[in-house]
Structures are given as C-alpha cells and as structure tokens.
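Comments concern the structure below.
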Amino acid sequence: MSASSVFASRTARVALCVTVLAALAPPAQTEVAKPRPVAPRGELTAEERATIDMFERSKRSVVSITTRDRVVDLWTRNVHTIPRGTGSGIVWDEQGHVVTNYHVIAGAADTRVRLNDGRDFAATLVGASPAHDLAVLRIVVTSDRPPPVLVGTSRDLRVGQRVFAIGNPFGLDWSLSTGIVSALDRSLAAEERSIEHLIQTDAAINPGNSGGPLLDSAGRLIGVSTAIYSPSGVSAGIGFAVPVDTVNRVVPQLIATGRYTRPVLGIAMDEDLNATLSSRLGVQGVFVLKVAPHGPAANAGLRALRVGDNGSVSAGDVIVAVDDKPVESVARLLARLDDYAPNDRVRLTVLREGKRVTVEAVLGADR
C-alpha cells in the first residue's frame, strides 16, 4: 500500500470518528423561549367590583332546573324517563319554594332542582299561573339552605337602567350577562293569551335562562326572565322578563292556594270581535258584550251591547281607561285589572252614546 493510500485511509477513519463523537455529544444549548412579561393592571374599577360582589352574593339564590318525560316502550311496556328540557329558577323563601317560568315545567313528568353548590333535589309543583308564565316548585333542603333572593320593585324602573341576568343558558351553569332596561310595559303573544307588562332588556337571554332572575345593581330581583325575540332562537338583544311586582302578587297566592285568583269586572268580552268593532266604529277600547247579573259591572251600572229585534246592533259602553290608564284591547284591560286585587275599587272611563262617563266598580274574584 502506498503512503498516499495509507494517509487517505487514516484520514477517512479520523473523519468517521469525528462524526460518531459529534453524534454522541450532548446537543448544543439553544435559547429557551420565554413568555412575555405580564403588565400590571392596577385595581379593578368600582363598577367591576360592584358587579363581582353582586354576582357572588346572588348566585346561591339561583338554581338549575331539569325536566324529564315518561315514555312507554311499545315492545316491553316498560316505563322510563328521558331528558326533556332545562331552565333556571329563583329561591323564593326559606321554606324551599322556587319560582320559575310555567313553560319550563309545563307537562313535565319529573322535575329536579340543582343548587349552586351541586346538590340535587326532586321538586314538586306547588302552583302555576300560565297567564303570567309563572310557576312555584318546592324542594326539601334540611341543611345549609340557599338564601332567598332579595326582592325589589319594578314600579320605579327606568329605561336605560343597568340590569343583570343570571341563569343556565345552553346548560352553561350560573352565567352572568349584563345590559339595560330597553323598554317597559311590553306585551308578548303566548299560546293562549298575551302576557302583558313585560320588561324588555338587551341583557343576553338564551334558552336555559328562562325562569332565572333579572336583577338591579343592588342584587334585588326586578323580574323573571321569560322569553326572547329571535328569528334564530338565540339572543338577538331583545329579551323579556315578568316584572317583580307581578311576581310578588302572584307567587304568594300560588304558594297559599296553588292558583291565582284574578280580579274581574263581570263582563263578557272577545278579543277578535273587539278588534272588528273597533275597526268598524273607529273606537279604541273594550266593548262590553254582556254584563253578569249582580256582578261588579252590573252594580256599577255598565251597559252591554244591544241587539234589536231586526238584528241591528247598538254599542253599549266601551271601556277606554282604568284609573286614567288607557286600554286599547281586551288583553290590555285584563293587564290593567291585574294590577289590583278582588274587592279593590277602580274608576272606569267609558264611552257611552258618544260621551265620556266615569263610573266606579268594586272588583270581584274569578271563580
């Protein structure tokens, strides 16, 4: 072997050793990526602190409601339950009463209430008022009872006032959304009749929020979230709540008797016929079709529509206001009367033979 060949062989072996040693050597240290430093944010604003405090105080008074249906297996005839829906509710008192929407529990075979601490209870239906979309459930909690919600008033609400909604939208438990009072005294068409006196808000209300509280900045209940207006089925910035003054009038009756007794005038009226007569005669109000004998309207001297022997129709009294608050429809008259209780005295403004007349009536009780 020539000297040059020996040199080349040795050079190749040296190169191979260098390559092997390089492969066995620990990897070279690379610069470790470091997170960005966190900038100090300072103190929370007073408004943020107030909102956080309000939520922490109020969330224990809010519950999650789940309902189930009973179904029969056609092959085995076995009965089992399947999930039906979800909603929210409000702890009303120390006796375990929970307020929610009627539509949340209507037709359910089984209803359960879950507290903010995770405890789950079977609930029984105490009473309901479909006309107000309100229902009362009861759970038996023997220890560490959740605190009842603070009750406020809705009579002094102002458009633009900040409000807060707590509920369980889409099963996302105890969510908080904020907004303002967008409008007052709204009406919303329901299956049987319209619901009146509603609070309109832009606070996000979605499926699952129904029955949850609408609160003011002091954490007081001012309404019960009831519905949304949305072509897509999710929040579009228009939600509605039953005002707390209505809730505070209806719920005690539901707890005491299981039903709500409406104040009545003792007259017959019909929404469709009323709209037809209003359009034809150019009169906005409620046409008195019949007067119940010995009822509040009869005692007040109200006059009913009259039909002549030849089929001619003469309008009787048309109620246009209750205590100076205008009524334009049957639904609005019922809502105005609903602000009172049986045996309350009201002042009715009626159109009689083209003139405005004022009469007083003592309201009766719906039987």
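One-based numbering along the sequence shown.
- For the side chain to side chain contact (heavy atoms under 4.5 Å, CB included) criterion with Ile90, the lone passing option out of Val224, Thr100, Val98 is Val224.
- Listed for the Ser154 side chain is a donor-acceptor partner under 3.5 Å among the backbone atoms of Asp245.
- Within the 4.5 Å cutoff, the side chain of Val63 has heavy atoms near those of the Leu115 side chain.
- Taking CD of Glu328 as the reference point, atom CG of Leu333 lies at 10.5 Å (rounded to 0.5 Å).
- Surrounding CD of Glu47 are at most 12 heavy atoms belonging to other residues, nucleotides or ligands under 6.0 Å away.
- In this structure a side-chain-to-backbone donor-acceptor pair under 3.5 Å is present from Asp202 to Ile180.
- At a threshold of 4.0 Å, the pair Arg114-Asp120 does not count as salt-bridged, since none of the basic side-chain nitrogens sits closer than that to a carboxylate oxygen.
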Output side-chain donor-acceptor pairs under 3.5 Å for residues 139-149, partner residues at least two apart or in another chain, one line each.
unit_1: Asp144; atom_1: OD1; unit_2: Arg60; atom_2: NH2; d: 3.4
unit_1: Arg145; atom_1: NE; unit_2: Val141; atom_2: O; d: 3.1

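- Atoms CD1 and OG, on Ile166 and Ser225 in that order, are 10.0 Å from each other to the nearest 0.5 Å.
- When all heavy atoms of Ile65 and Leu137 are compared, the pair lying nearest together is CD1-CD1, 4.0 Å.
- Taking 4.5 Å as the limit, some side-chain heavy atom of Ile238 sits within range of a side-chain heavy atom of Gln200.
- Contact annotation: the side chain of Val359 never approaches that of Asp317 to less than 4.5 Å [non-hydrogen atoms, C-beta and beyond].
- In this structure, the side chain of Ser177 engages the main chain of Ala204 through a donor-acceptor pair within 3.5 Å.
- Checked by atom type and distance alone, the side chain of Thr349 never pairs as donor or acceptor with a backbone atom of Val320 at under 3.5 Å.
- Heavy-atom minimum distance, Pro296 versus Val362: CB-O, 3.0 Å.
- By the criterion of side-chain heavy atoms lying less than 4.5 angstrom apart, applied directly or through intervening Ile, Leu, Val, Met, Phe, Trp or Tyr residues, Tyr340 is grouped together with Leu334 in one hydrophobic cluster.
- In this structure, OG on Ser175 lies 7.5 Å from CZ on Phe55, to the nearest 0.5 angstrom.
- In the hydrophobic clustering of this structure, Phe164 does not group with Leu157; members are Ile, Leu, Val, Met, Phe, Trp, Tyr whose side-chain heavy atoms approach within less than 4.5 Å, directly or through other members.
- A distance-only check finds a donor-acceptor pair linking the side chain of Glu271 to the backbone of Ala331 [under 3.5 Å].
- Linking Ile, Leu, Val, Met, Phe, Trp and Tyr whenever their side-chain heavy atoms come within less than 4.5 Å puts Leu254 and Val151 in one cluster.
- When only modelled atom types and interatomic distance are considered, Thr226 and Asp133 share a side-chain donor-acceptor pair under 3.5 Å.
- Heavy atoms from other residues, nucleotides or ligands lying under 6.0 Å from CZ of Arg356 number 12 at most.
- In plain terms, the two heavy atoms of Gly301 and Arg352 that are nearest each other are O-NH2, 3.2 Å.
- Taking the side chain as every heavy atom from C-beta outward, Trp174 and Asn168 approach each other to under 4.5 Å.
- One N or O on the side chain of Asp117 and one on the backbone of Arg119 form a donor-acceptor pair closer than 3.5 Å.
- Following chains of ILVMFWY side-chain contacts shorter than 4.5 Å, one cannot reach Ile205 starting from Ile222, and the two form parts of different hydrophobic clusters.
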When you look at Arg162 and Thr178, which way does the side chain to side chain contact (heavy atoms under 4.5 Å, CB included) test go after all the steps?
CA-CA 7 Å; Arg162 183 162 291 279; Thr178 68; 3.9 Å; yes
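- Nearest heavy atom pair, residue Arg220 against residue Thr153, reads NH1-N, 4.2 Å.
- Within the structure, every pair that satisfies the side-chain hydrogen bond (donor to acceptor under 3.5 Å, both in side chains) test and touches residues 329-339, not counting sequence neighbours, is listed here: His132-Asp338, Asp185-Arg332, Glu196-Arg332, His197-Asp339, Arg249-Asp338, Tyr260-Asp338.
- Arg262 places no side-chain N or O within donor-acceptor distance of the main-chain N or O of Asp366, the cut-off being under 3.5 Å.
- The shortest side-chain heavy-atom distance between Trp92 and Val136 does not fall under the 4.5 Å cut-off.
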Checking salt bridge (charged side-chain N to carboxylate O under 4.0 Å, His left out) for the pair Arg49/Asp53: CA distance, chi angles, key distance, verdict?
CA-CA 6 Å; Arg49 291 196 302 272; Asp53 180 64; over 6 Å; no
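- Rounding to the nearest 0.5 Å places CG of Asp272 at 11.0 Å from CG of Leu277.
- We find the CG-CD1 distance between Leu302 and Ile319 to be 5.5 Å, quoted to the nearest 0.5 Å.
- Between Leu221 and Val99 the shortest side-chain heavy-atom distance does not fall below 4.5 Å.
- Counting heavy atoms from C-beta on, the side chains of Thr111 and Leu125 never come closer than 4.5 Å.
- Atoms CG and CG, on Leu265 and Leu363 in that order, are 5.5 Å from each other to the nearest 0.5 Å.
- Pairing each heavy atom of Ser129 with each of Val250, the nearest pair is CB-CG1, 3.9 Å.
- The minimum heavy-atom distance between Val244 and Gly152, with the atom names listed, is CG1-O, 3.5 Å.
- Judged by distance alone, the side chain of Asn274 and the main-chain N or O of Asp270 form no donor-acceptor pair under 3.5 Å.
- Heavy atoms of other residues, nucleotides or ligands lying less than 6.0 angstrom from CZ of Arg41 number more than 12.
- Here the side chains of Phe287 and Leu273 are not in contact, with every heavy-atom distance at 4.5 Å or above.
- Cluster annotation: Leu198 is not connected to Leu214 through the hydrophobic network of ILVMFWY side chains, with a link wherever side-chain heavy atoms come within less than 4.5 Å.
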